[in-house]
Amino acid sequence: MTTDHQDVFEPPAEIVDRARVKDWRAVEARAAADPQAYWADQASELEWSKPWDKVLDDSAAPFYKWFTGARTNIVTNAVDRHLSSATRNKLALIWVGEDTSKVRTFSYFSLNREVEQMANILLSMGVGKGDVVTIYLPRIPEIFFAMLACAKIGAVHSVIFAGYSADALSTRIDDSESKLVITADGSWVNGKVFPLKKIVDDAVRYSPSVENVVVVRNTGTEVTMDTVRDHWYHELARLPIAKGHCPTVQLDAEDPLFILYTSGSTGKPKAILHTHGGYQVGTYTTLKDSFDMKPEDRWWCTADPGWITGHSYLVYGPLLNGATAFMFEGNPTYPYPDIWWQLVEHYGITSFYTAPTAIRTLMRFGDAWVTKHDLSTLRLLGSVGEPINPEAWRWFHRVVGGGRCPIIDTWWQTETGMFQITTVPSMPQKPGSAGRPVFGQQAAILDEAGHEVPVGTEGFLVLKNPWPAMMRTLFKDPDRYRQAYWEKYPGVYLTGDSARIDEDGYIWVIGRTDDVIKVSGHRLGTAEVESALVSHPAVVEAAAIGLPHEVKGNAIHCSVILANGVQPSRELEEDLRNHVAETLSPIAKPDSFDFPEKLPKTRSGKIMRRILRARALGQDEGDLSTLENS
Ligand code: WT7
């Protein structure tokens with residue numbers, strides 16, 4: 001352990017005074033003694049049209065069920081219940097465009113009207129309970145409406161980050177057999193238009209299941225509209241079918257709410273499935289406690305709704321809490337690297353939740369971009385996506401937070417749906433440690449054989465208790481669910497991360513132990529990058545690894561075997577980089593390449609990434625006895 005681990009930031013007295021959870025030790029102990037009672041208490045703060053018979057049904061573990069027998073809908077709690085109180089007039093969403101003169105705001109009342117309109121349109125297109133709707137939208141209010149409209153009528157949304165390529169989109173549409181895609185003409189990316197509709201056109205050519213495409217006008221760019229398949233949203237909205245009240249369907253607590261594709265160890269992305277009942281309880285509770293949600297708060301989560309962070313803590317969590325969410329269409333450095341701080345100042349943001357890679361990016365532009373703004377409304381800061389290095393933590397704390405604001409680091413995953421390791425504001429924080437398991441959870445660090453390792457030793461991070469917002473399965477692939485998460489150590493959830501635990505029970509996450517790379521907080525599978533590369537005619541075989549990178553956390557390095565006669569060159573590297581961007585996503589662009597004669601493999605043909613990593617870092621290659629031709 002480094003000496004950084006000794007740093008402890010005690011929460012300021014005024015933060016503790018107003019915190020919901022003041023005596024966190026007591027809450028933690030009570031929840032530990034009876035997790036189900038703790039979760040039942042939390043769930044009873046929400047509305048259920050029929051109460052549950054059982055909090056947790058573990059009879060078919062690891063296929064856990066929560067709040068069985070209950071009837072509910074996340075929209076009842078995220079929107080409808082606020083309409084009968086003063087909250088109906090409160091801002092649910094403040095949206096600011098990349099062109100910051102474009103602002104749209106929605107009270108809970110008007111949010112409901114928008115959601116009803118979208119839901120009516122979906123119903124008129126024949127979308128029903130259990131149907132999967134693909135949403136390929138940028139950070140504009142319609143992504144809220146689309147997700148909530150699906151949930152309202154019992155359809156299952158599958159949001160695909162609007163930076164994925166046509167190939168990646170098509171694969172995900174096919175896998176989910178989605179009949180409807182909701183998209184926009186384009187999105188604004190640093191002053192330029194990213195052609196979403198065109199990408200959908202390309203994707204749908206290979207996805208025969210799609211019957212209808214709904215297109216939101218956003219950038220005003222010209223697009224090609226298929227007369228039968230494609231529909232402008234604003235035209236549909238004018239039709240009589242779009243008007244009027246649309247009831248929120250009451251569902252079984254275990255009915256699916258959404259699937260969200262994420263990267264795993266193989267090329268095929270995993271479709272993580274979440275349900276209405278448990279997910280609403282988990283996201284509601286964790287946001288409320290860790291970010292001390294108060295009626296006067298203005299909450300900004302910078303994540304895109306295309307990722308789980310956007311699902312849980314931009315869309316659902318804030319609305320479940322009746323809070324005001326802020327969403328910005330643009331990026332943190334455009335047009336200048338103070339755009340975020342300008343917005344924090346102008347809109348009086350109180351709680352600001354972002355990713356370490358963004359902090360490190362902005363840190364490099366210097367303090368002046370931050371300090372020229374009055375950020376005194378900020379009370380709490382948050383971090384997610386990868387470990388935050390102590391240097392970035394201190395800068396965030398000192399320069400952005402003016403030394404006043406606790407930093408709530410939150411460790412969790414697409415699979416977990418909600419925070420798993422974090423702090424509440426009244427807990428001491430240690431820069432670089434995500435904190436402690438959430439109330440009702442217990443974590444452990446295991447060795448290969450499944451024994452808990454001593455304090456300070458690195459091992460496999462597992463979660464011991466089921467939790468309400470846990471994924472229920474992998475969509476259409478229950479075997480892979482069981483095998484990937486529950487087989488290595490029966491009875492506990494395998495996170496795929498390595499970590500240490502310290503003497504105070506704080507957890508220090510180190511990184512992934514599988515073939516997943518976190519690049520700028522984005523999760524990518526080595527196999528996805530490799531299959532994008534081998535689809536290039538110059539490439540015979542490829543291996544991708546993550547190497548430490550100052551800003552991105554990890555950068556992708558690829559070892560590529562070239563086809564006969566092809567010579568390595570700068571142009572070829574650029575060509576390969578663009579090829580990955582086009583076939584997978586610009587976020588997956590490799591940083592560096594090497595072109596060896598062959599790849600190190602085990603006798604059974606598995607690429608030994610450990611050796612590639614050691615070579616790339618100029619380190620000792622270690623034990624080579626399993627290497628073929630060693
Ligand atoms: C992986 C999950 C759910 C949040 C967005 C990412 C890494 C996430 C932290 C953190 C250290 C973190 C882990 C995890 N990770 N948050 N606070 N500290 N590592 O979700 O894309 O499913 O990735 O992100 O490696 O397993 P995801």
Side-chain angles (χ1 to χ4, degrees), residues 159 161 163-164 258-265 269-274 279 282-283 286-287 290-291 301-317 353-360 381-390 392-393 396 407-423 429-438 443 458 460-463 467 469-471 474 484-485 493-501 506-525 528 546 552-554 585 587-588:
V159 180
F161 173 62
Y164 273 116
F258 66 84
I259 55 175
L260 185 57
Y261 287 91
T262 190
S263 302
S265 308
K270 295 168 168 173
I272 307 294
L273 184 127
H274 285 284
Y279 181 79
T283 53
T286 44
L287 186 60
S290 278
F291 286 94
C301 161
T302 66
D304 191 284
W307 313 117
I308 191 69
T309 307
H311 280 59
S312 298
Y313 298 109
L314 173 55
V315 178
Y316 289 113
Y353 183 42
T354 193
T357 185
I359 299 165
R360 291 191 296 259
L381 301 174
S383 174
V384 61
E386 54 175 320
I388 178 165
N389 48 310
W393 196 102
F396 198 28
I407 295 177
I408 310 297
D409 190 355
T410 61
W411 180 95
W412 58 297
Q413 308 176 304
T414 308
E415 290 88 341
T416 70
M418 61 184 241
F419 306 153
Q420 291 295 309
I421 297 166
T422 182
T423 54
Q429 274 111 33
K430 304 190 185 190
S433 161
R436 313 168 64 80
V438 293
E458 181 174 349
F460 296 95
L461 173 66
V462 300
L463 302 172
W467 61 98
M470 66 198 301
M471 82 179 129
L474 293 176
Y485 303 100
Y493 171 83
L494 182 70
T495 64
D497 280 16
S498 74
R500 302 187 188 97
I501 192 162
Y506 277 57
I507 290 166
W508 300 76
V509 173
I510 297 159
R512 299 287 310 189
T513 58
D514 54 6
D515 296 327
V516 165
I517 317 178
K518 298 290 310 223
V519 183
S520 298
H522 298 313
R523 175 165 164 179
L524 294 164
E528 289 173 293
K552 301 180 184 180
N554 293 288
S585 168
I587 57 181

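Note that ligands are numbered from 1 as they come in the structure, with each ligand's atoms numbered from 1 the same way.
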On the 0 to 90° scale, with breaks at 30° and 60°, tag the Tyr316-Phe258 ring pair as parallel, tilted or perpendicular.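 Tyr316 and Phe258: parallel rings.
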Pair Tyr506, Thr423: side-chain N/O donor-acceptor within cut-off below 3.5 Å: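 Not at all, the side chains of Tyr506 and Thr423 share no donor-acceptor pair under 3.5 Å.
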Tell me, do Gln413 and Ile308 make a side-chain contact under 4.5 Å, heavy atoms counted?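 No. Closest side-chain heavy atoms not under 4.5 Å.
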Just to verify, what does Trp411 make a side-chain hydrogen bond (donor to acceptor under 3.5 Å, both in side chains) with, not counting sequence neighbours?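 Result, side-chain hydrogen bond (donor to acceptor under 3.5 Å, both in side chains) vs Trp411: Asp497.
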For Thr309, all residues meeting side-chain hydrogen bond (donor to acceptor under 3.5 Å, both in side chains), sequence neighbours excluded: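 Testing Thr309 for side-chain hydrogen bond (donor to acceptor under 3.5 Å, both in side chains), a comparison that skips the adjacent residues, returns none.
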Would you check ligand 1 and list the protein residues that come within less than 4.0 Å of it by any heavy atom, ordered by chain and number?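 Ligand 1 pocket, heavy atoms under 4.0 Å: Ile308, Thr309, Val384, Gly385, Glu386, Pro387, Asp409, Thr410, Trp411, Trp412, Gln413, Thr414, Asp497, Val509, Arg512, Lys518, Arg523.
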Taking only residues two or more places apart in sequence or in another chain, which ones pass ring pair (Phe, Tyr, Trp, His ring centres under 6.0 Å) with Tyr485?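 By the ring pair (Phe, Tyr, Trp, His ring centres under 6.0 Å) rule, Tyr485 matches Tyr493.
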